[in-house]
Amino acid sequence: MTRLNRLQAWACRSPISTPVETSFGRMRDRPAVFVRIEDDEGGFGWGEIFANWPAAGAEHRVNLLAEDIAPLLLGQDISAPDCIFHSLERKTHIRALQCGEFGPFRQVLAGLDQAMWDLKARRAGETVHQTLGSTRVTKVPAYASGIHISAAAKVIPQARDLGFCSFKVKVGFGDENEAMIIRDIHSGLSAGEMLMLDANQAWDVAQAEAFLNKVADLPIGWIEEPIRADSGERDWLRLAGQIPLAGGENIAGIDAFDATLNLGALDVYQPDIAKWGGFTGCLAVAGHAIARGHSYCPHFLGGGIGLAASAQLLAAAGGPGLLEVDVNPNPLRDAFGSIGTRVQDGFWLLDQAAGIGLTGLPEEVRACITHQCERTR
C-alpha cells in the first residue's frame, strides 16, 4: 500500500518577446502549473496541469488543488492510479457542477494522474510507458507545431533544421488569402515532408467548407478544429471526407470520445494529457481510436513535464500517431531539455530514466514561480 503524504504545486510564468497567437486570443507569457506528489516512503512523481487559458488560470489551478482536491487525496492509497483517477472524478463532480468549473477540476486531476503514474513507474524502475504495458520504446514520431501562418516561411526551415519533417500551421485569422498562402507553403516542402493545419475553432461550417474546397487537392495530413468543438453532428459530418479532420483537445470523458468515434467524422484523435484524463483517460481513448483504424496524436502546448508525459503516453499507445512539439519560444519547456537535443530525423528521443524521466524543477523554472502551495497529510 502506497499512501500519499505530500502535495506541492507551482504556478510559473515566463515572459516572451513575441506572443503566441491563435484565432481566439494571444498568450503574452508562457504559463505552466507543475505538481509533485510524495508517498509515505519518500517516493515521488511529477505532473503538469493545463494553464494556457484563461490568462489568470495558472494560479487558480494551484489554489484549486490545494483547497478542494488535496483533502480528498492525502492519506489515500495511490498504488492503483487509474482507480484513484476515476474515484476523484466521481468525488469532484458535484463541486465542479456547483461552480461551473468542470475544466479546471479536470485539468488538476489530469496533472495528478500523471504524477501518480510517474511515482508508480519510478518505484518499479521502469519508464511510464513500460508500466502502462508497452515494451521499451526509444523514440516516437513528432511534428513541429504552433507555427503561425504569417511566420511559416521563416519557422518551417528552422524546424526542419532541428530535425522535424512534419509541420502544423495555424490558420483562421480572417485573411481571405490564407488558402493561397497554404498552397505556397506546401509547394515549398521537401519530399517526404507533411503539412497539417490548425484553425483553433475559427470558422462556422460554411467558412470552413469554403476553405477546405480551396485546398482539398493538397495532401494535407489533417485540419484540426476547423469549427467549434461543440458544433452539431451535421456540421462535422458535412466537413468530413475532403481532408482528414482532427480534434479532441476540447473533448473530455470516455463517453464523449466514444460518441465522437461513433459519429465517424474525425480521423485523428487528440486528447490532451494535461487538460483531461492524464495517462489513465488518454490511453483509454487512444486504444479505442487505434482499434477503429484512427490515429492518436496527443495534443500538448505547455511546459517540459507535460511534454515528457505526452511522449511517454504516445509510446504506450503505439499506432501511427505523432507527438506535438510546440516550436515557439518557451523557457518552461526548454529548461528541461532543448528541442534540438531531442529531435532526430522526425522522431522525438525518449528519456530512458524511470518514470517520465524528470526529477525536479530546474532553477530557470523556479525563477518564474508566481504562486505555490504545499499540503501534507
Side-chain angles (χ1 to χ4, degrees), residues 11-16 18-34 47-55 57-58 61 103-104 106-107 110-111 114 140 142-149 151-152 155 159 162 164 166-173 196-202 222-225 229 246-252 268-278 282 296-314 321-339 342-343 348 356 365 368:
C12 303
R13 293 185 179 276
S14 179
I16 51 175
T18 302
V20 177
E21 188 173 1
T22 72
S23 62
F24 59 83
R26 291 181 176 181
M27 296 170 59
R28 300 188 181 278
D29 58 24
R30 297 309 300 262
V33 174
F34 302 119
E48 182 170 340
I49 298 166
F50 176 86
N52 291 340
W53 310 99
R61 273 50 169 186
R106 289 166 176 158
Q107 293 152 20
Q114 295 166 50
V140 292
Y143 70 94
S145 177
I147 303 171
H148 193 285
I149 187 171
V155 175
L162 288 173
F164 291 101
S166 296
F167 316 94
K168 189 171 76 179
V169 172
K170 288 187 177 292
V171 295
F173 297 97
M196 295 85 77
L197 307 176
D198 186 357
N200 287 120
Q201 310 182 81
W222 70 71
I223 184 164
E224 188 172 330
E225 291 189 331
E249 64 179 282
N250 292 306
I251 301 173
V268 180
Y269 288 78
Q270 304 169 302
D272 187 315
I273 196 171
K275 290 187 80 171
W276 169 80
C282 291
Y296 164 65
C297 297
H299 176 274
F300 189 71
L301 197 79
I305 291 178
L307 180 56
S310 295
Q312 291 290 327
L313 177 59
L314 181 57
L322 295 87
L323 178 70
E324 178 169 21
V325 182
D326 171 30
V327 292
N328 289 296
N330 187 353
L332 299 181
R333 175 199 64 225
D334 294 339
F336 294 92
S338 67
I339 294 174
R342 294 284 188 174
V343 180
W348 182 266
I356 61 172
V365 173
C368 298

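- With sequence neighbours excluded, the residues forming a salt bridge (Lys or Arg N to Asp or Glu O under 4.0 Å) with E324 are K168, listed by chain and number.
- Contact of the I16 side chain with the R28 side chain is not registered, since no non-hydrogen atoms from C-beta on lie closer than 4.5 Å.
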Show, in sequence, the C-alpha distance, side-chain angles and deciding distance for Q114 and Q312, and conclude whether the side chain to side chain contact (heavy atoms under 4.5 Å, CB included) test is met. CA-CA 10 Å; Q114 295 166 50; Q312 291 290 327; over 6 Å; no

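- Note that the SG atom of C282 and the NZ atom of K275 stand 11.0 Å from one another [nearest 0.5 Å].
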Take S166 and L322 through the test side chain to side chain contact (heavy atoms under 4.5 Å, CB included) and record every step on the way to the result. CA-CA 9 Å; S166 296; L322 295 87; 4.0 Å; yes

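- Rounding to the nearest 0.5 angstrom, the gap separating the OG1 atom in T18 from the NE2 atom in H148 is 11.5 Å.
- No side-chain donor-acceptor contact under 3.5 Å links R61 to the backbone of V33.
- A donor-acceptor pair under 3.5 Å links the side-chain atoms of N328 to the main chain of G146, judged by distance alone.
- Applying the salt bridge (Lys or Arg N to Asp or Glu O under 4.0 Å) test to R342 and every residue at least two apart in sequence or in another chain returns D351.
- For Y296, the ring pair (Phe, Tyr, Trp, His ring centres under 6.0 Å) criterion is met by no residue, not counting sequence neighbours.
- Summarising the geometry, atom CG belonging to L197 is positioned 13.5 Å from atom CZ belonging to F167; distances are rounded to the nearest 0.5 Å.
- Taking each heavy atom of A152 and V169 in turn, the nearest pair found is CB-CG2, 4.3 Å.
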For C297 and Y269: C-alpha separation, side-chain torsions, deciding distance, then whether side chain to side chain contact (heavy atoms under 4.5 Å, CB included) applies. CA-CA 6 Å; C297 297; Y269 288 78; over 6 Å; no

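- With sequence neighbours excluded, the residues forming a side chain to side chain contact (heavy atoms under 4.5 Å, CB included) with D29 are R13, P31, listed by chain and number.
- The shortest distance between side-chain heavy atoms of S310 and L323 falls below 4.5 Å.
- By the salt bridge (Lys or Arg N to Asp or Glu O under 4.0 Å) test, K170 pairs with D198, sequence neighbours left out.
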Verify side chain to side chain contact (heavy atoms under 4.5 Å, CB included) between R26 and V20, making sure each step is shown before the conclusion. CA-CA 6 Å; R26 291 181 176 181; V20 177; over 6 Å; no

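- For Q201, the side chain to side chain contact (heavy atoms under 4.5 Å, CB included) criterion is met by E225, R228, A229, N250, not counting sequence neighbours.
- In terms of heavy atoms, G25 sits closest to W53 at C-CH2, 3.6 Å.
- In this structure, R106 has no side chain to side chain donor-acceptor pair (under 3.5 Å) partners at least two apart in sequence or on a different chain.
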Pair F300-F50, ring pair (Phe, Tyr, Trp, His ring centres under 6.0 Å): steps then yes or no: CA-CA 9 Å; F300 189 71; F50 176 86; 8.8 Å; no

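- In terms of heavy atoms, G321 sits closest to L314 at O-CD2, 3.9 Å.
- Minimum interatomic distance between A142 and V325 (heavy atoms only, all atoms of both residues): CB-CG2, 4.2 Å.
- Counting only residues at least two apart or on different chains, the salt bridge (Lys or Arg N to Asp or Glu O under 4.0 Å) pairs with a member in residues 328-337 are D326-R333.
- Heavy-atom minimum distance, L301 versus M27: CD2-SD, 4.5 Å.
- Here CD1 of I339 is found 7.5 Å from CG of L307. Values are rounded to the nearest 0.5 Å.
- For Y143, the ring pair (Phe, Tyr, Trp, His ring centres under 6.0 Å) criterion is met by W222, not counting sequence neighbours.
- Scanning both residues, I356 and A308, for their nearest heavy atoms gives O-CB, 3.9 Å.
- Listed by chain and number, the residues in a side chain to side chain donor-acceptor pair (under 3.5 Å) with E48 amount to none (sequence neighbours excluded).
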Can you check side-chain hydrogen bond (donor to acceptor under 3.5 Å, both in side chains) on H299 and Q270, steps first, answer last? CA-CA 5 Å; H299 176 274; Q270 304 169 302; over 6 Å; no

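- Listed by chain and number, the residues in a ring pair (Phe, Tyr, Trp, His ring centres under 6.0 Å) with W276 are F257 (sequence neighbours excluded).
- In this view, D272 satisfies the salt bridge (Lys or Arg N to Asp or Glu O under 4.0 Å) rule with no residue, not counting sequence neighbours.
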